[in-house]
Amino acid sequence: MKRRIVAAAALAVTLVLSACGGLPESGPVIEGRALGEAINEPVRVAATGPRDGASQEEIVRGFLRAGEDSDETRQTGKLFLAPQSVDLWRWSTQDVIVYDGDLTVRKVDEETVRVSTTEVARLGPDGRYVEMPAGTKATLTLGMRKVGGEWRIDLPPDGFGLWLDSDQFDRTFTPRMVYFVTPSGRDLVPDFRWFPNGSRLATTLARAQLGQVPDYLENAVGTGVPSNTRLAVNAVPVVAGRAQVSLSTEALSADPDDRTAMWAQLTATLSQVSTVSSVSLAVNDTPLELPSGVSSAGSAAELGYDTVPNRTFDTALLRQGDELSRIDPRFLPDTSVGTRRADTKPQDGDIARIPDTWTRLALSADGKQIAAVSTGRQRLSLWQANAPMVEVPTFAGSLIRPTYDEAGYLWVGGTDVKGQDHVYVLDPRSAPQSATPTVLKAPWLKDRRVVSLAVAGDGVRLLIITTNEQGTDAQLGVSGIQRLPNGQPVGLAAPLRQAQPLSSLTDVVWLDTTRSTYAVLGRLGAAEPVRPWVGTVGMGLDGMRSHGRTTAESSRTAPVPGAATITTVGGPRGIVITSDDGWAWTRAGSAWRQVVRATDVLVPAR
């Protein structure tokens with residue numbers, strides 16, 4: 001099926017919302033709700049205007065609080081501004097600062113006030129949520145002047161967006177997924193962004209879906225939406241549960257396959273609005289149909305599209321010394337719990353033994369092959385049951401723990417003879433003794449060291465941990481995997497940074513491809529112990545924005561002494577950690593328990 005792989009630029013998410021607390025003085029005519037349309041509004045907040053005789057501090061605090069006003073024209077907030085600053089309040093096109101705790105408002109001089117706070121995140125106009133390193137400070141300098149005898153605010157000449165505390169942010173914005181399609185097949189790939197939580201959420205989501213592929217997925221996913229397609233009217237009305245999307249004439253250029261993909265993408269995205277139960281498309285009010293006669297869809301699955309299902313496992317391979325055996329990680333040895341114990345007998349194709357001179361093991365998706373790295377990290381070998389070891393010809397040094405993807409390709413990071421790190425991929429499924437690793441094109445990796453890799457189950461996203469050449473400045477990113485039509489990986493898009501508050505990152509694993517969740521080993525600062533953290537691509541780490549409690553112990557799991565690797569047999573409850581003293585640990589609520597002695601725990605394609 002034909003796919004348009006669109007070269008991406010950051011998508012500008014329009015935050016224009018319908019007026020509910022007053023009539024706007026300018027702007028396009030916007031279609032209102034149809035009679036009888038279902039309404040499911042979020043909690044609405046009414047801002048309070050400035051009182052007579054208010055101090056400079058009261059005016060500043062009142063203005064910042066007014067950023068949460070459910071009157072989406074923010075007429076009340078404008079009352080705090082000097083007339084010449086009204087047009088400088090650009091809440092829909094400038095960053096949103098998400099802060100933790102209280103604001104400090106300090107008078108600099110008679111006509112200047114400075115505001116400061118702890119910044120936990122920043123939301124760009126494109127809907128990207130960027131977490132800040134722990135302890136980041138945000139400052140804002142505001143001019144003050146008397147207007148009609150009352151203090152009013154002069155905004156900075158380059159404009160101002162919004163400052164919201166974490167509670168305000170959660171009421172004002174909501175995370176939703178925009179969907180793209182894999183270049184081959186009929187799989188949907190989610191892209192999390194944040195949108196204004198208002199009455200025009202369906203319109204905002206539809207407009208986002210019509211945009212380009214984001215940079216970090218460039219040439220890794222596609223879209224069925226033809227270039228320059230836009231909404232024909234500035235609204236997506238929802239009538240009796242049906243979202244009616246009227247598109248510009250550019251949509252007519254989509255061939256039947258792309259039209260189906262476009263419909264599936266819009267349906268999957270708009271179905272996240274509680275009032276939407278089906279989606280219909282039109283071009284300038286003329287209904288669109290698929291060749292099958294379909295004129296509306298209740299789900300992407302009705303059109304043959306869906307997200308890649310997550311794989312779960314009730315057993316894993318455990319390595320003790322040079323022996324491998326199956327275990328059920330939910331059970332401590334000789335301990336019974338109220339769940340049926342999985343069968344841990346050896347299965348056909350299980351590999352029973354690998355000498356302890358080979359480390360950093362990885363298990364293929366079908367469970368029939370293991371890759372291992374020599375203790376000197378210079379050689380890579382492949383093992384299969386009832387077959388001799390195959391050693392891959394030397395291609396790099398400082399090899400990291402390899403990983404397989406669902407298609408069978410083997411991935412590993414390493415350093416070439418010039419001292420530059422690369423991500424290497426080889427296809428070991430046929431003639432592994434002659435398999436030659438290839439370097440993926442990733443110019444953004446220059447001067448970076450690869451620490452850990454994890455390929456998503458959809459085959460188009462890679463979680464990658466890197467450091468600088470000195471081993472510091474650890475970063476976690478998610479990068480689109482660029483493949484040839486035959487599925488061979490050839491490149492990596494520049495990554496979208498994740499988990500910015502953490503440092504000393506050591507290992508990462510996907511938990512849920514459909515929901516884009518992951519677990520990573522890291523710590524907030526040098527004095528903190530390493531612990532596992534759960535996060536969602538585009539949403540941040542769990543608990544880091546929970547009501548401003550950025551360091552609350554209740555929002556994170558306990559540390560694991562000497563945590564070295566992390567994997568999962570299925571989701572966050574199935575996380576298994578190995579420590580550098582040779583123990584396997586499993587989750588027990590927010591704590592961890594030692595399961596058994598082990599140097600490696602192997603789960604297919606993890």
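For this chain, numbers begin at 1 and follow the sequence in order.
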K.L.:
Given Val189, which partner from the list Thr513, Val221, Thr307 fulfils the side-chain contact (heavy atoms from CB on, under 4.5 Å) test?
P.N.:
Val221

K.L.:
Are any non-hydrogen side-chain atoms of Thr204 and Pro196 less than 4.5 angstrom apart?
P.N.:
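SC-SC contact between Thr204 and Pro196 confirmed.
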
K.L.:
Assess whether salt bridge (Lys or Arg N to Asp or Glu O under 4.0 Å) is satisfied between Asp215 and Arg128, documenting all intermediate values.
P.N.:
CA-CA 12 Å; Asp215 287 348; Arg128 300 288 176 202; over 6 Å; no

K.L.:
Give a yes or no answer on whether the side chain of Thr136 reaches the backbone of Met132 with a donor-acceptor pair at less than 3.5 Å.
P.N.:
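Not confirmed, Thr136 side chain does not pair with Met132 backbone.
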
K.L.:
Could you tell me whether a side-chain N or O of Glu68 sits under 3.5 Å from a main-chain N or O of Phe169, the two making a donor and an acceptor?
P.N.:
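Between the backbone of Phe169 and the side chain of Glu68 there is no qualifying donor-acceptor contact (under 3.5 Å).
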
K.L.:
Quick one: does any side-chain atom of Arg152 pair with a main-chain N or O of Arg145 as donor and acceptor, under 3.5 Å?
P.N.:
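No; judged by distance alone, with no hydrogens or angles, the pair does not exist.
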
K.L.:
Between Arg230 and Glu250, does any NZ, NE, NH1 or NH2 come within less than 4.0 Å of an OD or OE carboxylate oxygen?
P.N.:
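Judged by the 4.0 Å cut-off on N to carboxylate O distance, Glu250 and Arg230 do form a salt bridge.
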
K.L.:
Taking only Lys NZ, Arg NE, NH1 and NH2, and the carboxylate oxygens of Asp or Glu, determine whether Lys146 and Glu150 approach each other closer than 4.0 Å.
P.N.:
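Glu150 and Lys146: not salt-bridged.
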
K.L.:
Using a strict cut-off of less than 4.0 Å between a Lys/Arg side-chain nitrogen and an Asp/Glu carboxylate oxygen, indicate whether Arg461 and Asp191 qualify as a salt bridge.
P.N.:
no

K.L.:
In this structure, is the centre-to-centre distance between the rings of Trp194 and Phe173 below 6.0 Å?
P.N.:
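No: the rings miss the under 6.0 Å criterion.
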
K.L.:
Would you check if the side chain of Ser503 reaches a backbone N or O of Arg523 as a donor-acceptor pair within less than 3.5 Å?
P.N.:
yes

K.L.:
Cut-off 3.5 Å, side chains only: do Arg449 and Thr467 have a donor facing an acceptor?
P.N.:
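No donor-acceptor contact under 3.5 Å links the two side chains.
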
K.L.:
Taking atom CG as the centre, does Asp109 end up with more than 12 heavy-atom neighbours from other residues, nucleotides or ligands that are less than 6.0 angstrom away?
P.N.:
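It does: Asp109 CG has more than 12 such atoms within range.
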
K.L.:
Of all the heavy-atom pairs spanning Val560 and Pro532, show the shortest one and how long it is.
P.N.:
CG2-CD, 4.4 Å

K.L.:
Do Lys78's NZ or CZ and the ring of Trp89 fall within the cation-pi criteria of under 6.0 Å and 45°?
P.N.:
no

K.L.:
Around atom CZ of Arg515, are there more than 12 heavy atoms of other residues, nucleotides or ligands at under 6.0 Å?
P.N.:
no

K.L.:
Looking only at side-chain N and O atoms, does Arg242 offer a donor or acceptor that is under 3.5 Å from a partner on Ser296?
P.N.:
yes

K.L.:
Keeping Ser55 on the side-chain end and Glu58 on the backbone end, is there a donor-acceptor pair under 3.5 Å?
P.N.:
yes

K.L.:
Under a plain distance cut-off of 3.5 Å, with no hydrogens placed, do Arg207 and Asn234 share a side-chain donor-acceptor pair?
P.N.:
yes

K.L.:
Ignoring hydrogens, what is the shortest heavy-atom contact between Val508 and Ala454? Give both atom names and the distance.
P.N.:
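What the structure gives for the nearest pair is O-CB, 3.7 Å.
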
K.L.:
Please name the residue in the list Thr267, Leu247, Thr223, Val181 that meets the side-chain contact (heavy atoms from CB on, under 4.5 Å) test with Met262.
P.N.:
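Running side-chain contact (heavy atoms from CB on, under 4.5 Å) over Thr267, Leu247, Thr223, Val181 with Met262 returns exactly one hit, Leu247.
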
K.L.:
Heavy-atom distance under 4.5 Å between the side chains of Thr466 and Val451, does that happen here?
P.N.:
no

K.L.:
Ignoring hydrogens and angles, tell me if any N or O in the side chain of Asp507 forms a donor-acceptor pair with the backbone of Ile566 under 3.5 Å.
P.N.:
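It does hold such a pair.
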
K.L.:
For the pair Gln272 (side chain) and Met177 (backbone), establish whether a donor and an acceptor sit closer than 3.5 Å, ignoring hydrogens and angles.
P.N.:
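A pair under 3.5 Å: yes.
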
K.L.:
Using atom types as modelled and distance alone, determine if a side-chain donor or acceptor of Thr568 lies under 3.5 Å from a backbone N or O of Leu511.
P.N.:
no

K.L.:
For Asn284, I'd like to know if atom CG has over 12 heavy atoms of other residues, nucleotides or ligands within 6.0 Å.
P.N.:
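Atom CG in Asn284 is crowded, with more than 12 foreign heavy atoms closer than 6.0 Å.
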
K.L.:
State, with a plain yes or no, whether a side-chain heavy atom of Lys137 is found less than 4.5 Å away from one of Ser116.
P.N.:
no

K.L.:
Any donor-acceptor pair under 3.5 Å linking the side chain of Asp95 with the backbone of Ile97?
P.N.:
no

K.L.:
Please round to the nearest 0.5 Å and tell me the distance separating atom CG of Leu79 and atom CG of Leu81.
P.N.:
8.5 Å

K.L.:
Any chance CD of Glu110 has more than 12 other-residue heavy atoms, nucleotides or ligands included, within less than 6.0 Å?
P.N.:
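No, CD of Glu110 has 12 or fewer neighbouring heavy atoms, counting only those of other groups under 6.0 Å.
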
K.L.:
Flag the pair Arg122 and Glu119 as a salt bridge only when some basic side-chain nitrogen lies within less than 4.0 angstrom of an acidic carboxylate oxygen.
P.N.:
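Between Glu119 and Arg122 there is a salt bridge, with a charged N closer than 4.0 Å to a carboxylate O.
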
K.L.:
Considering non-hydrogen atoms only, spot the tightest contact between Met539 and Phe192 and give its length.
P.N.:
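Looking at all heavy atoms of both residues, the shortest contact is SD-CE2, 3.7 Å.
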
K.L.:
Would you check if there is a donor-acceptor pair between the side chains of Thr118 and Asp100 at a distance under 3.5 Å?
P.N.:
no

K.L.:
Under 3.5 Å, sequence neighbours excluded: what are the donor-acceptor pairs made by side chains of residues 155-165?
P.N.:
from, atom 1, to, atom 2, distance (Å)
Asp165, OD1, Asp167, N, 3.1
Asp165, OD1, Gln168, N, 2.8

K.L.:
Can you check whether Ser516's main-chain N or O pairs, donor with acceptor, with Asp512's side chain at less than 3.5 Å?
P.N.:
no

K.L.:
Quick one: pull up CG in Leu231 and OG in Ser246 and give me the separation to the nearest 0.5 Å.
P.N.:
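If we round to the nearest 0.5 Å, Leu231:CG and Ser246:OG are 8.0 Å apart.
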
K.L.:
Going by distance alone, is a donor N or O of one side chain under 3.5 Å from an acceptor N or O of the other, for Arg176 and Thr174?
P.N.:
yes

K.L.:
Scan side-chain atoms only and decide if Gln209 and Thr269 contain a donor-acceptor pair under the 3.5 Å cut-off.
P.N.:
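Yes, because at least one side-chain N or O of Gln209 sits under 3.5 Å from a partner of the opposite role on Thr269.
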
